[in-house]
Amino acid sequence: MRLTTEKRHRKLAKLCRENAHSLRKAIEYCHAHNIGCFRVNSQILPLKTHSECGYEVDTMPDGTEIIEEFQHCGRIAKQHDIRLAFHPDQFVVLSSPREDVVENSIAELEYQSEVAEWIGADCVNIHGGGAYGDKPAALARFAKNLGRLSDRVRSRLTIENDDKIYSVQDLLPFCRQEGLPLVYDVHHHRCHADELTVADATTAAMETWDREPLFHISSPLEGWSGPKPQRHHDYVDIQDMPEEWRLLNITVEVEAKAKELAVLQLQRTLDEV
């Protein structure tokens, strides 16, 4: 049986409030375990941009209280110096030649940046998307669509090199031209190598930031000689942590299937070396 609009909104409001509570607990866990960064789930507000069920939180039942609970999460994160970030799903593509994809991508970025504003998150990170047979033309569309974003999206938006299409070398000129910080993913760089060394890419990526740089680390599931080195392992091999990063003032997001267990293991290993 289909829910009435009122019942649907009440159910969604309940889920939003529960997710705010879960976010607070995650931040508190990070603080207790000396984890300095947390990536917020893209579905923190369920169905927020759905074509039929989408909604504005401030018009939902207890909407003001829901927003205040997210803002409280932001204050806790700031108090404990925990950096919050978003990484929208792969369907968010500003370089697409399809207008409907771009419109949906903008809606998703606006939603996640709205929550980012509530909680004080400073990064909403996306990939370049497809090349569509013409990489310069795709990046030109990306640049054009940046002008359609609100200030709260634009001020938080970052772009990441990927493991198949856009290398660090592809994105650096674009980042410099558009004032867009580069989230350097060293695993992706090793999978999709260019002329830059890890040291050179690290330095160049850091120069695109006007705040503390945020980088990504992960290890291949079946090793670098495995059939698909792009796939992420449960944990991070200490040998994959660049020496160049050890003394830098940067945020390193661990992209590993074991999540916080991988972070804790990497912390312990780094303390031992």
Side-chain angles (χ1 to χ4, degrees), residues 34-39 81-88 94-95 116 121-129 131 135-136 138-140 142-143 146 153-220 223-224 229-230 232-233 235-256 262-263 266-267 269-273:
N34 198 31
I35 297 173
C37 181
F38 182 76
R39 181 185 293 177
D81 194 25
I82 295 170
R83 191 175 192 178
L84 301 176
F86 285 82
H87 196 346
L94 291 180
S95 59
D122 72 321
C123 292
V124 178
N125 181 52
I126 62 174
H127 291 196
K135 197 176 292 185
L139 288 176
F142 194 123
L146 289 175
V153 178
R154 192 66 178 82
S155 64
R156 293 174 170 84
L157 192 68
T158 62
I159 188 170
E160 174 188 348
N161 60 296
D162 63 70
D163 55 12
K164 293 181 180 178
I165 301 174
Y166 290 99
S167 68
V168 177
Q169 216 163 15
D170 288 331
L171 293 180
L172 279 172
F174 180 75
C175 290
R176 292 166 182 151
Q177 174 185 316
E178 301 300 331
L180 203 61
L182 176 66
V183 172
Y184 175 42
D185 188 309
V186 68
H187 185 167
H188 290 170
H189 189 201
R190 288 164 172 157
C191 292
H192 185 36
D194 51 29
E195 296 176 358
L196 297 174
T197 64
V198 170
D200 290 340
T202 295
T203 299
M206 289 185 68
E207 291 172 351
T208 65
W209 287 82
D210 60 359
R211 52 199 185 275
E212 182 173 302
L214 186 149
F215 291 172
H216 288 173
I217 184 73
S218 51
S219 290
W224 290 108
Q230 296 90 348
H232 290 186
H233 199 287
Y235 294 89
V236 174
D237 187 330
I238 190 62
Q239 299 301 319
D240 293 327
M241 172 63 76
E243 287 290 336
E244 296 84 356
W245 292 11
R246 302 277 178 107
L247 299 178
L248 296 179
N249 184 26
I250 59 175
T251 301
V252 179
E253 276 194 338
V254 173
E255 294 192 316
V263 176
L266 183 59
Q267 285 178 339
T269 308
L270 287 170
D271 287 342
E272 293 169 358
V273 297

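- For the pair S95 and G129, the tightest heavy-atom approach, listed with the atom from each and the gap, is OG-CA, 4.0 Å.
- Scanning all heavy atoms of the two residues, the minimum distance from A138 to A131 falls at CB-O, 3.8 Å.
- Side-chain contact between R39 and F86 is absent, with no heavy-atom pair separated by less than 4.5 Å.
- Interatomic distance, CG of D122 versus CG of D210, reported as 9.0 Å (0.5 Å rounding).
- Inter-residue side-chain proximity for S167 and H192 is flagged as met; some heavy-atom pair is nearer than 4.5 Å.
- Looking only at distances, no side-chain donor or acceptor of T203 sits under 3.5 Å from a matching main-chain atom of D200.
- A 4.5 Å side-chain heavy-atom check between V124 and V153 finds every atom pair outside the cut-off.
- Minimum heavy-atom separation, F174 to A143: CE1-CB, 3.8 Å.
- V254 approaches A262 most closely through the heavy-atom pair CG1-CB, 4.2 Å.
- Every residue was checked against the salt bridge (charged side-chain N to carboxylate O under 4.0 Å, His left out) condition with E160, not counting sequence neighbours, and none meets it.
- L157 has its side chain within reach of I126: a pair of non-hydrogen atoms, C-beta onward, lies under 4.5 Å apart.
- The ring of H187 has its center no closer than 6.0 angstrom to the ring center of H233.
- Annotation for D271: atom CG counts as buried by contact number, over 12 foreign heavy atoms lying within 6.0 Å.
- Considering every non-hydrogen atom in both W209 and L214, the closest pair reads CZ2-N, 3.5 Å.
- The aromatic rings of H188 and H232 lie tilted to each other, with the angle between the two planes from 30° to 60°.
- At least one donor-acceptor pair closer than 3.5 Å links the side chain of Q267 to the backbone N or O of N34.
- For the atom pair OH (Y235) and OG1 (T269), the distance works out to 11.0 Å, reported to the nearest 0.5 Å.
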Listing, residues 241-251 side-chain donor-acceptor contacts under 3.5 Å, not counting sequence neighbours, or none:
unit_1 : atom_1 : unit_2 : atom_2 : d
W245   : NE1    : T202   : OG1    : 3.0
T251   : OG1    : R83    : NH1    : 2.9
T251   : OG1    : E212   : OE2    : 2.5

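- When side chains are defined from C-beta on, C123 counts as touching R211, because their heavy atoms get closer than 4.5 Å.
- The OG atom of S219 lies 9.0 Å from the CD1 atom of I238; values are rounded to the nearest 0.5 Å.
- Side-chain contact between L146 and L94: present, with at least one pair of heavy atoms (C-beta onward) separated by less than 4.5 Å.
- We find the SG-CD distance between C191 and Q230 to be 4.5 Å, quoted to the nearest 0.5 Å.
- Using modelled atom types, one side-chain atom of R190 and one backbone atom of D240 make a donor-acceptor pair closer than 3.5 Å.
- The salt bridge (charged side-chain N to carboxylate O under 4.0 Å, His left out) pairs that include a residue from residues 164-185 are K135-D170, where partners are two or more places apart or lie in different chains.
- Here the closest heavy-atom approach between residue L182 and residue T208 is recorded as N-OG1, 2.9 Å.
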Practice task
Please step through side-chain contact (heavy atoms from CB on, under 4.5 Å) for the pair E253 and V183, ending with a clear verdict.
Solution key: CA-CA 10 Å; E253 276 194 338; V183 172; 6.0 Å; no

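- The shortest distance between side-chain heavy atoms of N125 and H216 falls below 4.5 Å.
- When side chains are defined from C-beta on, F215 does not count as touching V186, because their heavy atoms never get closer than 4.5 Å.
- Considering D194, N161, T197, D163 in turn, D194 is the only one that fulfils the side-chain hydrogen bond (donor to acceptor under 3.5 Å, both in side chains) rule with H189.
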